[in-house]
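Numbers here are sequence positions counted from 1. The figures that follow rest on heavy atoms only: side chains count, while hydrogens, waters and symmetry mates do not.
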Amino acid sequence: NTIAVYNLAMDLLLIPVLAMLAGAASSSALRQDQPPAVDVVFVVDASNSMSKNDPEGLRNTLMSMTADFMQGRGGDRLAIVQFAGWNETQNEKVVLFPLAEIPQPGKGADFEKAFNAAVAKAKIFGSASDINVAFELGVAEVQKQRGATKNGLWVIILTDAALSAPEPKQVREDYKR
């Protein structure tokens, strides 16, 4: 299992993720047996600081490019989870795109349409940042969807890691202790 954290302020955002994926994809060309399939879960920061730190929407570009890049391997699956503040995220859909297999090239018009619609919905909606909500609600839901799979799990966190100071009403009760 791999967990990767990338700061969206970096200009070279796409290179390390695509290199990581290329390693999995290219190893099949070197061996006759296909490398194990992977489940990729994007955990996307939707707090206000992202409008300043990712004004061009590189996080959305990365998700779309990853889906395109992984086509043709067979068995790989993608999901999108978003987060902002705890209370804000409760009012939004946490899992934007449930875990779904990436189809073979040219055979997944429905997948592509649904995935691109989910990527388009990954918009700023909150003033605070609470990554715990992504894992407690979103990634936990994706884990249920995974079932008894042998697929590897990659969680790619797309955040600027900026701490947003929330208003007192946005702080979870269990954090106040």
Side-chain angles (χ1 to χ4, degrees), residues 1-8 17 20-21 24 36-50 54 57-71 73-103 108-164 166 169-176:
N1 293 348
T2 302
I3 296 180
V5 179
Y6 297 98
N7 184 332
L8 290 175
V17 173
M20 187 171 64
L21 296 172
V38 294
D39 292 343
V40 176
V41 181
F42 289 106
V43 176
V44 184
D45 187 342
S47 65
N48 281 337
S49 63
M50 294 303 288
D54 184 23
L58 291 177
R59 62 195 183 285
N60 294 2
T61 301
L62 175 67
M63 290 186 286
S64 294
M65 288 181 71
T66 301
D68 291 345
F69 188 79
M70 293 178 74
Q71 280 188 348
R73 278 182 26 93
D76 293 336
R77 301 184 294 181
L78 290 174
I80 303 172
V81 172
Q82 67 177 349
F83 71 95
W86 177 260
N87 293 331
E88 297 161 326
T89 305
Q90 299 298 306
N91 297 325
E92 295 290 328
K93 189 172 184 181
V94 179
V95 178
L96 284 179
F97 188 75
L99 195 62
E101 186 167 341
I102 303 167
D110 291 341
F111 171 89
E112 188 173 339
K113 185 177 179 182
F115 187 77
N116 289 335
V119 168
K121 288 181 187 174
K123 296 189 177 172
I124 305 305
F125 68 85
S127 60
S129 297
D130 186 350
I131 197 169
N132 292 320
V133 70
F135 284 90
E136 289 178 27
L137 300 178
V139 176
E141 179 61 33
V142 172
Q143 280 288 70
K144 288 178 194 170
Q145 295 168 6
R146 292 185 74 224
T149 184
K150 292 185 180 191
N151 286 12
L153 174 63
W154 294 357
V155 175
I156 301 175
I157 302 168
L158 303 175
T159 184
D160 58 6
L163 178 62
S164 301
K169 67 179 182 178
Q170 294 173 313
V171 177
R172 289 173 56 175
E173 288 301 317
D174 53 333
Y175 289 174
K176 292 179 183 178

Inset, instruction - For Glu112, enumerate each residue passing the side-chain contact (heavy atoms from CB on, under 4.5 Å) test, keeping only those at least two apart in sequence or located in another chain. - result: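 Residues passing side-chain contact (heavy atoms from CB on, under 4.5 Å) with Glu112: Asn116.
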
What's the shortest heavy-atom distance between [X] and [Y], and which atoms?
X	Y	answer
Leu78	Ala67	CD1-CB, 3.4 Å
Gly74	Ala37	O-CB, 4.1 Å
Ile80	Ala118	CD1-CB, 4.1 Å
Phe115	Met63	CE2-O, 3.5 Å
Ala134	Val43	CB-CG1, 3.5 Å
Ser47	Ile124	O-CD1, 3.4 Å

To the nearest 0.5 angstrom, please state how far the [atom1] atom of [X] sits from the [atom2] atom of [Y].
X	Y	atom1	atom2	result
Phe83	Leu137	CZ	CG	12.5 Å
Leu58	Met50	CG	CE	9.0 Å
Ile157	Ile131	CD1	CD1	4.0 Å
Thr66	Asp76	OG1	CG	11.0 Å
Phe69	Ile102	CZ	CD1	11.0 Å
Gln82	Leu96	CD	CG	4.0 Å

Legend entry - Non-neighbouring partners of Asp39 that pass side chain to side chain donor-acceptor pair (under 3.5 Å), sequence neighbours left out: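 Testing Asp39 for side chain to side chain donor-acceptor pair (under 3.5 Å), a comparison that skips the adjacent residues, returns Arg77, Arg146, Asn151.
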
Inset, instruction - Side-chain contact test, heavy atoms from C-beta onward, threshold under 4.5 Å: evaluate it for Val94 versus Glu141 and give yes or no. - result: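 No, every pair of side-chain atoms sits at 4.5 Å or beyond.
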
Legend entry - 4.5 Å side-chain heavy-atom contact, Leu158 and Asp45: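 Of all side-chain heavy-atom pairs linking Asp45 with Leu158, none is under 4.5 Å.
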
Legend entry - Donor-acceptor contact present, side-chain Gln145 to main-chain Leu99, <3.5 Å: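 Looks like yes, one N/O pair under 3.5 Å.
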
